[in-house]
Every structure is written in C-alpha cells, then in structure tokens.
Student: 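Sharing a structure here in structure tokens format.
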Protein chains: 2
Amino acid sequence: MSETKKRTFTCGLDAAIAVMGGKWKGLVLFALQDGALRFGELRRAIPGISERVLILQLREMESTGLLHREVYHQVPPKVEYSLTPFGHSLNAAMGPLGEWGEQHLDRIEAIAWDQVSGSGTDR
Amino acid sequence: MSETKKRTFTCGLDAAIAVMGGKWKGLVLFALQDGALRFGELRRAIPGISERVLILQLREMESTGLLHREVYHQVPPKVEYSLTPFGHSLNAAMGPLGEWGEQHLDRIEAIAWDQVSGSGTDR
DNA sequence: CCGGGTACTCACATAAATGTCAGTGTGGAG
DNA sequence: CTCCACACTGACATTTATGTGAGTACCCGG
C-alpha cells in the first residue's frame with residue numbers, strides 16, 4: 001500500500017476537494033488571503049484549531065503548492081506563511097462558495113446537526 | 001452530549017464546507033445536477049463508492065435539505081433522488097470550484113499525494 | 001535563575017469518515 | 001424452486017482526521 005497511487009479524479013470538483021478538503025484548509029486560505037501571517041497570528045486567526053493540526057494543514061498545503069513558507073533566522077524565530085499564485089487562484093474559486101455559505105448561514109446553522117447521519121442506529 | 005450544539009461558523013466558507021464536506025457529497029451533487037436519478041443509477045454514476053457510504057451520504061444530504069427522496073411503492077422498489085432548490089444553489093456555487101479543479105487538473109494529479117502529510121514521522 | 005514568547009516536534013488518544021461483506025423481502029425470469 | 005435486481009440495513013474493520021499534552025531550543029526582561 002505504498003505505491004504511487006495515481007489518483008484519478010472524476011471531475012474537477014473532485015480534484016479541488018482533494019486539495020482543499022478537511023475542516024481547516026479553507027479557513028487557512030481565507031485567513032491568508034490578505035497577506036502573509038506568522039504562525040502565531042494564524043493560530044489566533046483560526047479559533048479552535050490546535051497547534052499540531054494547524055502545522056499539519058500548513059505542511060500539506062505547502063506540499064500541494066498552495067502556500068509558501070518563509071523562515072527568518074532570527075531570535076525569536078519568525079516564520080511567515082503566504083499564498084502562492086496557485087493558492088490565490090484556489091481562493092478566488094472558493095469565493096462563490098463562501099458567499100453561498102454566508103447567504104444561507106441561517107439555514108445552515110438551523111440544521112439539526114445532531115441528527116444528521118444519526119437517523120438510523122449507526123452511531 | 002446530546003444538546004443542540006449550536007455550531008458557530010467562522011465564515012460562510014466554513015458553513016459551506018460543513019454542508020458539502022467529505023469525499024463524496026460534491027460528486028453526488030454533480031451527478032444529480034441534470035435531474036433525478038435512482039439509487040442504482042447514482043451508484044453506477046459514482047465509481048468507487050460503496051453502497052453503504054452512498055446511502056449515508058444521501059441520508060445526510062437529505063437531512064441537510066440538499067436533496068429530495070421520492071419513494072415509489074412498486075415492485076421492484078424504486079427510489080428517486082433529486083436536488084432541492086437549496087441543493088441546486090449549492091451546486092451553482094460550486095461551479096467555479098469545479099472549473100478551477102479542471103483547469104489545474106494536471107498540476108493536482110502531479111502532486112505526490114503519497115508524501116503529502118507524510119513528510120515527518122507522523123505515519 | 002524563572003517565566004514568557006516563538007515555532008515547532010513527539011507520543012499518544014479519540015473521533016469521524018469510509019469501506020467490506022453479509023443479510024432482508026419482493027416478485028418475475030428461467 | 002432458484003436466482004436475480006432492487007434499495008436498502010447491520011455488524012464489523014480500517015483509514016484518515018483531529019485533538020491533547022508534553023517537551024525542545026533560543027533569548028530577553030525581571
């Protein structure tokens with residue numbers, strides 16, 4: 001199970017989800033859209049995320065080419081994260097989705113998330 | 001832990017992801033955009049998905065109001081799934097994302113997914 | 001020296017998502 | 001009678017995602 005599993009995507013949407021999937025990557029993109037941020041700033045900008053998870057997301061997005069990591073060899077250490085052009089283009093593509101979310105925020109918040117996927121006896 | 005956990009979303013994007021998150025919901029939306037499909041058709045339209053998971057996704061999307069389920073009491077049983085207006089609006093909002101994915105498909109497929117999030121010693 | 005801030009890493013633990021496989025009940029085809 | 005397609009359901013196993021809490025190395029202010 002360690003071969004180069006050539007992921008074939010059904011459609012562009014599939015591919016896009018593979019890149020920005022997960023609970024946090026969208027928020028990271030969003031937080032960085034106005035410019036570079038340091039690790040600590042990023043953490044504070046995304047309430048609820050844990051350090052470890054943020055780092056993991058950052059690493060993933062770095063290796064998918066979505067963002068750039070700039071290390072300053074100073075004391076105290078300083079690391080800045082910024083979007084690459086690729087990241088910016090993804091962010092732009094997610095704009096409409098964000099607007100949709102805001103427009104329907106009330107409805108989405110009103111959803112009984114407790115019952116979702118819990119209608120049967122599954123969990 | 002059975003209270004109505006009022007999920008507060010950071011931004012619209014967050015909310016949208018809560019609704020369409022996961023590996024398959026986007027594909028389901030996509031498959032249904034041109035009209036209603038039966039369960040079996042849907043399964044065949046989405047290669048790689050297992051029956052159980054498809055049902056789970058369908059149930060979730062039903063309870064979030066994204067799609068409508070119409071049962072015909074016939075033999076053999078017939079069930080049709082179709083998008084609600086809400087579902088259609090989400091689909092529209094995901095359009096740009098899908099286009100982005102298609103535009104950058106080569107780049108996305110070229111990503112070494114094996115190494116992503118495996119750079120450290122995590123797994 | 002102590003504690004604070006910085007950007008991490010490591011070793012776990014848990015939750016959530018996804019997958020596999022075997023049923024269930026029906027009526028028609030063979 | 002047997003088997004098939006249909007739309008599921010249920011009991012699992014596995015994988016992936018997320019979370020917790022500690023520790024690291026550095027320097028600076030007190």
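Here is how names work: the chains are called A, B, and so on, in the same order as the sequence lines, proteins then strands, and each is numbered from 1.
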Student: Tell me the interatomic distance from A/L54, atom CG, to D/dT20, atom C1', rounded to whole angstroms.
Tutor: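 So the two atoms are 15 Å apart, to the nearest Å.
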
Student: Could you state the CH2-P distance from A/W24 to C/dA16, rounded to the nearest angstrom?
Tutor: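 It is 13 Å, rounded to the nearest whole Å.
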
Student: Which nucleotide in the set C/dT6, C/dG19, D/dC6 lies at the smallest distance from any side-chain heavy atom of A/P77?
Tutor: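 Looking only at side-chain atoms, A/P77 lies closest to C/dT6.
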
Student: To the nearest 10°, give me the bend of the helix from C/dC1-D/dG30 to C/dG30-D/dC1, comparing the axes of its five terminal pairs at either end.
Tutor: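 Comparing the axis at each end, I get an angle of 30°.
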
Student: Kindly determine whether B/V53 and B/W24 satisfy side-chain contact (heavy atoms from CB on, under 4.5 Å), including the steps that lead there.
Tutor: CA-CA 9 Å; B/V53 173; B/W24 302 109; 3.6 Å; yes

Student: Find the distance A/H73:NE2 to C/dT6:P and express it as a whole number of Å.
Tutor: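 Distance check: A/H73 NE2 to C/dT6 P gives 19 Å.
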
Student: Mind calculating the distance between CZ (A/R43) and P (C/dG5) to the nearest angstrom?
Tutor: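 Rounded to whole Å, this separation is 10 Å.
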
Student: Please list, in numerical order, the residues of residues 30-40 of chain A that have a heavy atom closer than 4.0 Å to any atom of DNA chain C.
Tutor: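 Those residues are A/R38, A/F39, A/G40.
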
Student: On a plain distance test, is the side chain of B/R52 in donor-acceptor contact with the base of D/dT9 below 3.5 Å?
Tutor: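 Result: no qualifying N/O pair found.
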
Student: Should A/L27 and A/I49 count as side-chain neighbours, where that means a heavy-atom distance under 4.5 Å?
Tutor: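 In short, these two side chains do not touch, never coming nearer than 4.5 Å.
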
Student: Quickly work out the B/Y72 OH to D/dC8 C1' distance and round it to whole Å.
Tutor: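 Nearest whole value for this atom pair: 18 Å.
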
Student: What are the two closest heavy atoms between B/L83 and B/Q33, and how far apart are they?
Tutor: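 Smallest interatomic distance, heavy atoms only, reads CD1-CA, 4.1 Å.
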
Student: Applying a 4.0 Å non-hydrogen cut-off, can you work out what B/V79 is touching in the nucleic acid: base, sugar-phosphate, or nothing?
Tutor: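 Touches sugar-phosphate only.
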
Student: Whole Å only: how far is the OH atom of A/Y81 from the P atom of C/dA7?
Tutor: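 Going from A/Y81 (OH) to C/dA7 (P), I get 8 Å.
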
Student: Can you confirm whether A/H104 sits close enough to B/S89 that some side-chain heavy atom of one is under 4.5 Å from a side-chain heavy atom of the other?
Tutor: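 SC-SC contact between A/H104 and B/S89 confirmed.
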
Student: Taking only N and O in the side chain of A/K23, is any of them less than 4.0 Å away from OP1 or OP2 of D/dG19?
Tutor: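 Indeed, a polar side-chain atom of A/K23 lies that close.
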
Student: Take the protein atom CG of A/L56 and the nucleotide atom C1' of C/dT9, then report the distance between them rounded to whole Å.
Tutor: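 These atoms are roughly 11 Å apart.
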
Student: Heavy atoms from C-beta onward define the side chain here; which of D/dC8, C/dT9, D/dT18 lies closest to that of B/R69?
Tutor: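 The nucleotide sitting nearest to the side chain is D/dC8.
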
Student: Here's one to test your reading of the geometry: is the NZ or CZ of A/R38 within 45 degrees of the ring axis of A/Y81 and under 6.0 Å from its centre?
Tutor: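 No, A/R38 does not sit over the ring of A/Y81.
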
Student: Using a heavy-atom cut-off of under 4.0 Å over every strand shown, decide if B/Q57 touches base, sugar-phosphate, or nothing.
Tutor: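 Sugar-phosphate contact only - B/Q57 comes under 4.0 Å of backbone atoms but never of a base.
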
Student: With a 4.0 Å cut-off, would you call A/R59 and A/E62 a salt bridge?
Tutor: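 Counted as a salt bridge, because a side-chain N and a carboxylate O are separated by less than 4.0 Å.
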
Student: Quickly work out the A/K78 NZ to C/dG5 P distance and round it to whole Å.
Tutor: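 In whole Å, C/dG5 P and A/K78 NZ are 19 Å from each other.
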
Student: Hey, which of these two, B/E51 or A/I49, hits DNA chain D nearer its 5' end, going by closest nucleotide?
Tutor: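 Counting from the 5' end, the first nearest nucleotide belongs to B/E51.
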
Student: Strictly under 6.0 Å, is that where the ring centroids of A/F86 and B/W100 end up?
Tutor: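 Yes, the ring centres sit under 6.0 Å apart.
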
Student: For A/R69, give me all partners under salt bridge (charged side-chain N to carboxylate O under 4.0 Å, His left out), at least two apart in sequence or on another chain.
Tutor: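 So A/R69 forms no salt bridge (charged side-chain N to carboxylate O under 4.0 Å, His left out) with any residue.
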
Student: Can you give me the closest heavy-atom contact between A/I17 and B/G22, atom names plus distance?
Tutor: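 Result for this residue pair: CG2-O, 3.9 Å.
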
Student: Does atom CZ of A/F39 have more than 12 heavy-atom neighbours from other groups under 6.0 Å away?
Tutor: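 Atom CZ in A/F39 is packed in, count exceeds 12.
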
